[in-house]
Amino acid sequence: MVTKRAMGLKYGAALVLPWALISAASAQTAPVPEPAAADEQPDIVVTAQKRSERLQDVPISISVLGGDRLDSQSTGGVTDALRNVAGLSITSTAQGGATQLTIRGVAAAGATLSGSSTAAYYIDSVPFGLVKSAILPDTNAYDMARVEVLRGPQGTLYGANSLAGVVRLITNDANPDKFELKTRAGLSTTDGGEMSYRGDLAVNIPLVPGKLALRVVAGAEEAGGWIDQPAQNKRNANDQQSRYFRAKLNAQLTDEFSVGLSAWISRIDQDAPNYADGNGNQSSPVPLPQTLNFDAYSAKLGYELPGVSISSATSYLEFTNLSQRDYTSLGAGQRLFTEIRSKVFTEELLLNSTGTGSLKWSVGGFYRDATDLLYQTLFVLPAPINTNDKSKSFAVFGQLTQSFMDDTIELTGGLRYFNDRVSQIELTPTTGNPAQVLAHKTETFEAITPRAVLTWLPSKTFTAYASYSQGFRSGFNQSPSVIRTAPDLPSVKADKLHNYEVGTKGSILDGRLSFDAALFYIKWNDIQQNLTLRYLGAPIAASVNGPSASGFGIDLSLTARPAPGFAIGGTYSWSGLKLDEQVVSNLVVLFNKGERLSFSPEHTASGFADYSFPLGGLEGRLEGSINYRSAIPARALVSGVSRLYVSDAPLTARAAFSLKSPANWTTTFFIDNITNDHSVLQPPSDISLFMRQRPRTVGLQFEFHL
């Protein structure tokens, strides 16, 4: 039996699509020069549920950023592209320069040493997650097939860290059927700062036609600084150098057996953090360089049996974050040096049904062995902090979908069991006493997370669903100082998020109007939080499980194509997530009932308009966009007093004009941050740490492909 679902997939072979075809679920959408009827447009194929499916049919709130559009992005990497996605907020750490993802207002308590990320992050099949920190590197966005952003918990298929959602970076595979070459180069100037330069190159080489191919991508960027350090007599001190190299080797050894090997090497060096006062100055009298490096390797094997596909994904990740923090208030020239090094090995085995019947299923197992090394020095400490956090976890999971009534109704159920053995190991005595017994603690955390979905698919252009899903983060042990000072203080247990959701997506008016909407209710229990506690009369810094938070929210997006070559639309997301009761720290009320959690924005929104038109044998294109994120709060105890820190609410705009030639080149003139907005992007934890976005930037980019 050939189902309607199978018939729909025949239109979706192309994975590299312009943003225009990414549907209303996308954060931005580019116009289609000749909009066709909905049944003639190529379908978008995603692998959000670990099998190839039409985006329209997937009962999850998803945004997809297309590879063509990411290639033409004039500045920044994946992080800058994700800032435009509704419901997603990004903050950067003043110490280390890494980023932290927040989806639907669900945020980690801090970027480092406060628990792992609340959103899972994948580089192809490599899960990028640390044991005890939520930091992520920015990655180059060139030569991507697409980026998928799944909103809502995905604990069944993606496991720990998918508490609030998943971000998946999917790069282009090597193509064994044709030679490809493409490149881009750009330069820009920033108001009050230095020039910036970038260049990227991607080459696809068929080694054995139809069987074996190699794809190599490399690039470098010099992002000019704009922040001055008067105390060091340095101008434009926060310049950044980025380099990366990617390689993919894909082989179709037989009709049934495929092999994919990949490597991604990234190096980012920043001469100073992006924080400054209102005059663009950073007061530090000492250099504050930062480094973010990662090496990600993976091997993916696939074998097709009658009715079943088997895949194995093996990966190894090394991540390094080196940073320095100004502590000259404690002594001349003093800096806190922090080194975080992580090594993560993972293996996932997945079996998927491939038949065309009414029953679909997925079954798999997952293993992870991760180690985080933390090394910190500061002269007021009796000895360096030198610890390891180790995690060895495994999981088994499965999902089953049964369709009814000629495939117009689907019922899906899924379940995952997770087991994580976590150890905190002190490598050298933090007290400075060589006779001190080293702190060591091991704890095991378990979780069972279900998913249930009812989907209605009355036509190829309309989907409605109702779902319940759970997400979770694993727990972790207290730091050695807490273990030693307060040995009875329990480890931080796993927190869980319950998500109840109804949604719909589709298109009308022959595809000229597309929409995506979701209404959800979140209940987040045992939230991992940083607090100052009083133990035996003394205050100590620790992590604990706090009270719950709950609230409704919505995700909306709309795209209209009223005329050939013209598209306009926008997205909006609201999260009503608030604490259900007070949070008390060291006998002081830190949060009141009904307040928002730290780093949790209430609103995000974006709008765009694109117009393509013929221009003297070329194709001209005008595009503009605007993005908004409401202010985000953070609270901390300072000298025994609860203090509230609040960011600004940045509103930024971009415009561009491009010319595309039939000879395969495109030139784009662009202006980023048109209004020269200097908003403080996140809550300043002290008076000097006002993290700011890059001022108005004007530039030119050239692209060419064969």
Check your understanding: Out of curiosity, Phe472 CZ to Thr449 OG1, how far, rounded to the nearest 0.5 Å?
Key -> 5.0 Å
Exercise for review: Quickly, which of Asp200, Asp71, Asp68 forms a salt bridge (Lys or Arg N to Asp or Glu O under 4.0 Å) with Lys182? Name it, please.
Suggested key: Asp71
Point to revise | Close side-chain approach of Pro562 to Arg512, heavy-atom, < 4.5 Å | key: no
Exercise for review: List the steps, then state whether salt bridge (charged side-chain N to carboxylate O under 4.0 Å, His left out) holds for Asp124 with Lys300.
Suggested key: CA-CA 10 Å; Asp124 284 324; Lys300 191 166 185 178; over 6 Å; no
Practice item. Count the heavy atoms belonging to other residues, nucleotides or ligands that lie under 6.0 Å from NZ of Lys660, then report whether that count exceeds 12. Key: no
Exercise for review: Say whether Thr79 and Asp138, considering side chains only, have a donor N or O and an acceptor N or O under 3.5 Å apart.
Suggested key: yes
Point to revise | Salt-bridge criterion met for Glu148 and Arg168 (N-O under 4.0 Å) | key: yes
Revision key, fill the gap. side-chain hydrogen bond (donor to acceptor under 3.5 Å, both in side chains) filter on Glu221, not counting sequence neighbours, yields none
Exercise for review: Name all residues meeting the side-chain contact (heavy atoms from CB on, under 4.5 Å) criterion together with Ser647; count only those two or more places apart in sequence or in a different chain, and write none if there are none.
Suggested key: Arg629, Ala631, Ile632, Pro683
Study note, to complete from the structure: d(Leu150 CG, Ile60 CD1) to nearest 0.5 Å is 5.0 Å
Review point. Can you list the residues that meet the side-chain contact (heavy atoms from CB on, under 4.5 Å) rule with Thr463, with sequence neighbours excluded?
Key: Gln56, Asp57, Thr455, Leu457, Lys505
**Study point:** Partners meeting side-chain contact (heavy atoms from CB on, under 4.5 Å) with Pro633 (sequence neighbours left out)
**Key:** Arg596, Leu644
Review point. Can you tell if the side chain of Gln49 reaches within under 4.5 Å of the side chain of Lys360, non-hydrogen atoms only?
Key: no
**Study point:** For Trp456, ring pair (Phe, Tyr, Trp, His ring centres under 6.0 Å) partners two or more places apart
**Key:** Phe462
Practice item. May I have the step-by-step check of side chain to side chain donor-acceptor pair (under 3.5 Å) for Ser679 and Asp677, ending in yes or no? Key: CA-CA 6 Å; Ser679 294; Asp677 184 90; 2.5 Å; yes
Point to revise | side chain to side chain donor-acceptor pair (under 3.5 Å) partner of Glu501, chosen from Tyr521, Tyr465, Tyr468 | key: Tyr465
Point to revise | Backbone of Ala86 reached by a side-chain donor or acceptor of Ser573 within 3.5 Å | key: no
Check your understanding: Looking just at side-chain N and O atoms, do Ser358 and Gln402 make a donor-acceptor pair shorter than 3.5 Å?
Key -> yes
Review point. Within a strict 4.5 Å, meaning less than it, do heavy atoms of the Leu513 and Leu558 side chains meet?
Key: yes
Point to revise | Residue list, side-chain hydrogen bond (donor to acceptor under 3.5 Å, both in side chains) with Asp173, at least two apart or on another chain | key: Lys248
Check your understanding: Does any non-hydrogen side-chain atom of Gln693 lie less than 4.5 Å from one of Asn673?
Key -> yes
